[in-house]
Amino acid sequence: ADDQTYSKLDENTRNYTYEYFKNRLANEEVRTNPKQEFVDDIQNRLINKEKLNIVSIRKIADSFGLTNIKDTTLQEYVEMAIINEAKNIANRNDLSTKEKYDLVVELYETQPTISMRSSERIEKQQYSTPIPMSFLAGQFVRDIAPSTILEPSAGNGMMIFNVDAKNVIANEIDKVRLENLKEQGFRQVTNQDGTLPFNLMVDGIVTNPPFGPAPKKDYLGYGISGLDEQMVVNALESMNDNGRASIVIGGHTNYNDNGTLKSQRAFLNYLYNYYNVTDIINVGGNLYQKQGTTFPTRMILIDGRKKPL
């Protein structure tokens with residue numbers, strides 16, 4: 001209303017009008033975050049078990065004004081929706097661990113295939129962990145009620161949805177994923193080379209580092225050459241003696257007829273020498289189909305350090 005009309009209103013009406021427009025403005029400001037609206041919409045579609053693909057995802061993105069976003073970035077946003085719903089499942093107090101896991105598997109079966117890759121992400125081997133694996137990895141560490149957890153190659157946070165965000169130090173070098181991490185309430189979000197010392201000590205490590213070659217480096221007499229292996233060794237140096245670690249790396253552990261390791265001897269011998277390796281679980285590559293690859297992987301579970309480094 002103009003000033004003359006507004007002055008004729010009684011005080012209650014003026015106050016009501018002020019509050020109405022203040023709240024309306026606030027709601028409009030909330031609705032001016034198209035990325036979050038898109039993520040929320042995708043999450044609701046996943047809850048309703050709607051099948052999505054890159055064509056339908058583009059149309060949904062267009063409806064929220066995300067018209068000039070690369071397919072690879074849209075997929076990062078879709079992954080955020082998957083993570084958000086997986087967190088909701090993991091944090092439910094009315095379900096057993098088995099019931100939570102079953103719902104996570106259902107979510108995985110519903111999610112679209114995350115197959116678009118830029119040349120940079122192919123080079124960095126950025127394939128996010130399938131959420132059933134992430135759930136189990138997080139549960140192994142979560143069971144000791146850690147006060148601090150390090151994820152040295154956090155991506156969008158897929159490996160750490162089943163642990164308490166306020167205890168997590170999440171590290172990532174990709175710019176889009178780094179911004180996504182900053183929106184999730186983690187204790188700290190860092191942006192450093194994951195092969196360099198983190199200069200901190202934590203109770204838990206949860207990680208799925210990028211697979212790939214790297215020049216051999218010496219670690220206490222063990223020559224270790226894989227990028228994922230080097231990142232694992234570096235992260236474990238930050239784990240307290242009684243901490244736990246869940247690690248996903250590429251390839252399967254295979255043995256010769258005489259029981260010796262066929263490959264990665266230095267890396268695995270290093271782990272067994274300095275840490276309590278409770279299990280190494282070979283996982284078929286088909287589990288990664290929804291993540292855009294079929295590469296076989298392993299989950300390595302560590303429960304404490306045998307001796308000081």
Side-chain angles (χ1 to χ4, degrees), residues 123-127 129 133-134 136-138 140-141 144 146 148-155 159-160 169-173 190 192-283 285 288 295-309:
E123 179 184 355
K124 292 178 180 177
Q125 291 293 294
Q126 292 175 316
Y127 296 100
T129 317
M133 286 183 71
S134 302
L136 296 175
F140 179 74
V141 171
I144 64 167
T148 47
I149 299 166
L150 172 65
E151 218 296 26
S153 54
M159 277 288 282
I160 40 181
I169 299 159
N171 182 68
E172 177 57 43
I173 59 172
T190 59
Q192 75 160 65
D193 183 337
T195 63
L196 299 178
F198 283 93
N199 298 316
L200 49 77
M201 298 303 293
V202 297
D203 297 327
I205 307 285
V206 184
T207 186
N208 178 7
F211 314 147
K216 185 181 291 186
K217 291 176 64 175
D218 183 87
Y219 294 90
L220 300 174
Y222 294 87
I224 297 173
S225 56
L227 176 61
D228 49 348
E229 298 168 19
Q230 291 180 1
M231 291 181 69
V232 167
V233 170
N234 181 61
L236 286 171
E237 290 177 357
S238 292
M239 188 184 78
N240 290 321
D241 289 347
N242 60 348
R244 277 190 175 185
S246 295
I247 302 155
V248 175
I249 64 170
H252 280 175
T253 300
N254 295 308
Y255 301 89
N256 295 310
D257 292 339
N258 63 0
T260 59
L261 290 163
K262 282 188 175 181
S263 61
Q264 297 179 309
R265 294 183 188 178
F267 171 64
L268 293 172
N269 283 335
Y270 173 90
L271 292 186
Y272 275 99
N273 188 33
Y274 287 101
Y275 299 93
N276 296 310
V277 179
T278 62
D279 209 346
I280 298 181
I281 305 166
N282 287 341
V283 180
Y288 261 79
F295 199 69
T297 58
R298 282 164 289 176
M299 185 182 295
I300 301 173
L301 304 177
I302 290 175
D303 191 3
R305 184 178 282 113
K306 283 183 179 178
K307 55 186 178 182
L309 300 175

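Since we're looking at a predicted model, the values are computed, not measured.
What you find for F211 and V248 is that their closest heavy atoms are CE2-O, 4.2 Å. Residue Q230 comes nearest to P215 through the heavy atom pair NE2-O, 2.8 Å, listed as atom of the first residue, atom of the second, then distance. The heavy-atom pair separating I160 from A154 by the smallest distance is CD1-CB, 4.3 Å. Contact detail for P209 and S153: the closest heavy-atom pair is CA-OG, 3.2 Å. The two residues T207 and M159 make their nearest non-hydrogen contact at O-CE, 3.5 Å. Residue G204 comes nearest to P146 through the heavy atom pair N-CB, 4.4 Å, listed as atom of the first residue, atom of the second, then distance.
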From CA spacing to verdict: side chain to side chain contact (heavy atoms under 4.5 Å, CB included), Y274, L236:
CA-CA 10 Å; Y274 287 101; L236 286 171; over 6 Å; no
Derivation and outcome, side chain to side chain donor-acceptor pair (under 3.5 Å), residues T195 and N234 | CA-CA 6 Å; T195 63; N234 181 61; over 6 Å; no
Practice prompt. Please report the C-alpha distance between Y222 and N273 in whole Å, then the side-chain angles of each, then the deciding distance to 0.1 Å, and finally whether the side chain to side chain donor-acceptor pair (under 3.5 Å) criterion is met.
Written response: CA-CA 11 Å; Y222 294 87; N273 188 33; 3.2 Å; yes
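For the pair V202 and I169, the minimum side-chain heavy-atom distance is below 4.5 Å. Residues I205 and V232 are not in side-chain contact: their nearest non-hydrogen atoms beyond the backbone lie 4.5 Å or more apart. Within the 4.5 Å cutoff, side-chain heavy atoms of R298 are placed close to those of Q264. The side-chain heavy atoms of V283 and P296, taken from C-beta on, include no pair separated by under 4.5 Å.
Side-chain atoms of N171 come within 3.5 Å of backbone atoms of P152 as a donor-acceptor pair (strictly under, hydrogens ignored). E237 places no side-chain N or O within donor-acceptor distance of the main-chain N or O of F198, the cut-off being under 3.5 Å. Proximity of a side-chain donor or acceptor of K306 to a complementary backbone N or O of Y272 within less than 3.5 Å is detected. Here the side chain of S246 pairs a donor or acceptor atom with the backbone of A137 at under 3.5 angstrom. No donor-acceptor pair closer than 3.5 Å links the side chain of N240 to the backbone N or O of G243. With hydrogens and angles disregarded, a donor-acceptor distance shorter than 3.5 Å links the side chain of S238 to the backbone of L200. No donor-acceptor pair closer than 3.5 Å links the side chain of R305 to the backbone N or O of N242. The backbone N or O of L196 lies less than 3.5 Å from a partner atom in the side chain of Q192, making a donor-acceptor pair.
The aromatic rings of Y275 and Y270 lie tilted to each other, with the angle between the two planes from 30° to 60°.
To the nearest 0.5 angstrom, D241 atom CG is 11.0 Å from D203 atom CG. S134 contributes atom OG, which lies 7.5 Å from atom CE of M299 (distance to the nearest 0.5 angstrom). Atom CD1 in I247 sits 6.5 Å away from atom CG in L271 (nearest 0.5 Å). Rounding to the nearest 0.5 Å gives a distance of 10.0 Å between OG1 of T297 and CD1 of I281. Atoms CZ and CD1, from R244 and I302 in turn, are 12.0 Å apart once rounded to the nearest 0.5 Å.
Results of the side chain to side chain contact (heavy atoms under 4.5 Å, CB included) test with V233 over D228, L309, I224 single out I224 as the only residue that passes.
By the side chain to side chain donor-acceptor pair (under 3.5 Å) test, D279 pairs with no residue at all, sequence neighbours left out.
Neither side chain, D303 nor T278, offers a donor N or O lying under 3.5 Å from an acceptor on the other. Side chain to side chain, N208 and T129 meet the donor-acceptor criterion of an N or O pair below 3.5 Å.
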